[in-house]
There are 2 protein chains.
Amino acid sequence: MSATLEHMIKNCPVDNTFKIIGKKFTFHIVRNMAMRNQTRFNEFLGTIENINPKTLALRLKELEETGIIQRTVYDEIPIRIEYTLTKKGEDLQGIIDQMATFSMKHYPKTVFKDGKRRNYKQVFKRPVSVLH
Amino acid sequence: MSATLEHMIKNCPVDNTFKIIGKKFTFHIVRNMAMRNQTRFNEFLGTIENINPKTLALRLKELEETGIIQRTVYDEIPIRIEYTLTKKGEDLQGIIDQMATFSMKHYPKTVFKDGKRRNYKQVFKRPVSVLH
DNA sequence: ACTAGTAACTTACTTTAGGTAAGTTAGATG
DNA sequence: CATCTAACTTACCTAAAGTAAGTTACTAGT
């Protein structure tokens, strides 16, 4: 096998990562796990804008297959299933942080009731009541 | 307007950024500009896997509208048009770096002719010939 | 004068991915 | 025995993306 530009591009590390989290809604699921501690199907379904059960089920399967999340079944009544980030999934935090940093710089319009701006970590630690 | 979970989620900074670069191929275009210094329509068309001229033209328009790239027309024969990152677009570098970092940790399979592994910055500075 | 070439698209048409609403499973509760 | 719940699944429809060919405007070659 000889050195080709094509080969180089196929091995682009940015591309590898994009293949894992680049599909529609995939990153939103990860974000909701990492930043809002959501774990359940109906939580994602209720809070991720415009997602539908069909696509959500598919994305959760894909994320499990790529080792980003783990599916745990609790034999309760009614049944309870929890999705949690694996160690590998937690390593996506750096990307989440950089995405937030970009937004805070270029779209700093999220201003709160007390007139202050907060960084996203503060926002997600605080109760919803500080928001407009 | 009262404080709602919905409002909080709508103002999620991660989501803001995802709206800018989350569509299919958008991030690949930015990566090719930032990491490979590509500037022209046919360069993107030839190196981004599976992209087609219709979608490429649309994405370039979207990126211009969101202020990530700039379109410059050079009145030469044949016509030359260059797409370059704006300052805002360059601020996506942090995200690119984190995506590469994630990949290098979890998919470190890109090994080169001399048996060494390199980080993605080294890879993209070197001639293609060091690759398999 | 005619043919081919170039870069950057655009158009018409087909295929695939995603959206919508309703249904399924299995056991619990009234 | 009908209703409720969580976590899906199914059938059907619509919107986004893929394919191939065409367009524009000007140059170079025969």
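Throughout, a chain's letter reflects where its sequence line sits, starting with A, and its residues are numbered from 1. In what follows, every heavy atom counts, from backbone to side chain, and hydrogens, waters and symmetry copies are set aside.
Contact between the side-chain N/O atoms of A:Asn42 and the OP1/OP2 oxygens of D:dA7 is found at a separation under 4.0 Å. Taking only side-chain nitrogens and oxygens, B:Thr55 comes nearer than 4.0 Å to OP1 or OP2 of D:dG18. Side-chain nitrogen and oxygen atoms of B:Arg59 include at least one within less than 4.0 Å of the OP1 or OP2 phosphate oxygen of D:dA17. For A:Lys61 and D:dA7, the shortest distance from a side-chain N or O to OP1 or OP2 is not below 4.0 Å. Of the side-chain N and O atoms in B:Lys23, none sit less than 4.0 angstrom from OP1 or OP2 of C:dA17. Distances shorter than 4.0 Å separate some side-chain N or O of B:Arg40 from OP1 or OP2 on C:dA8. The side chain of B:Arg71 contributes no N or O atom lying less than 4.0 Å from OP1 or OP2 of C:dA8. One finds a side-chain N or O of B:Tyr83 lying less than 4.0 angstrom from the OP1 or OP2 phosphate oxygen of C:dC9.
In this structure, the CD1 atom of B:Ile77 is 13 Å from the P atom of D:dA25, given to the nearest Å. The CG-P distance, from B:Leu56 to D:dG18, rounds to 11 Å in whole Å.
Map A:Leu45 and A:Lys24 each onto its nearest nucleotide of DNA chain D; the residue landing nearer the 5' end is A:Leu45.
Partner of A:Glu90 under the side-chain contact (heavy atoms from CB on, under 4.5 Å) criterion, out of A:Ile68, A:Thr84, A:Leu85: A:Leu85 alone.
Closest to the B:Lys54 side chain, of the nucleotides C:dA22, D:dG18, C:dA28, is D:dG18.
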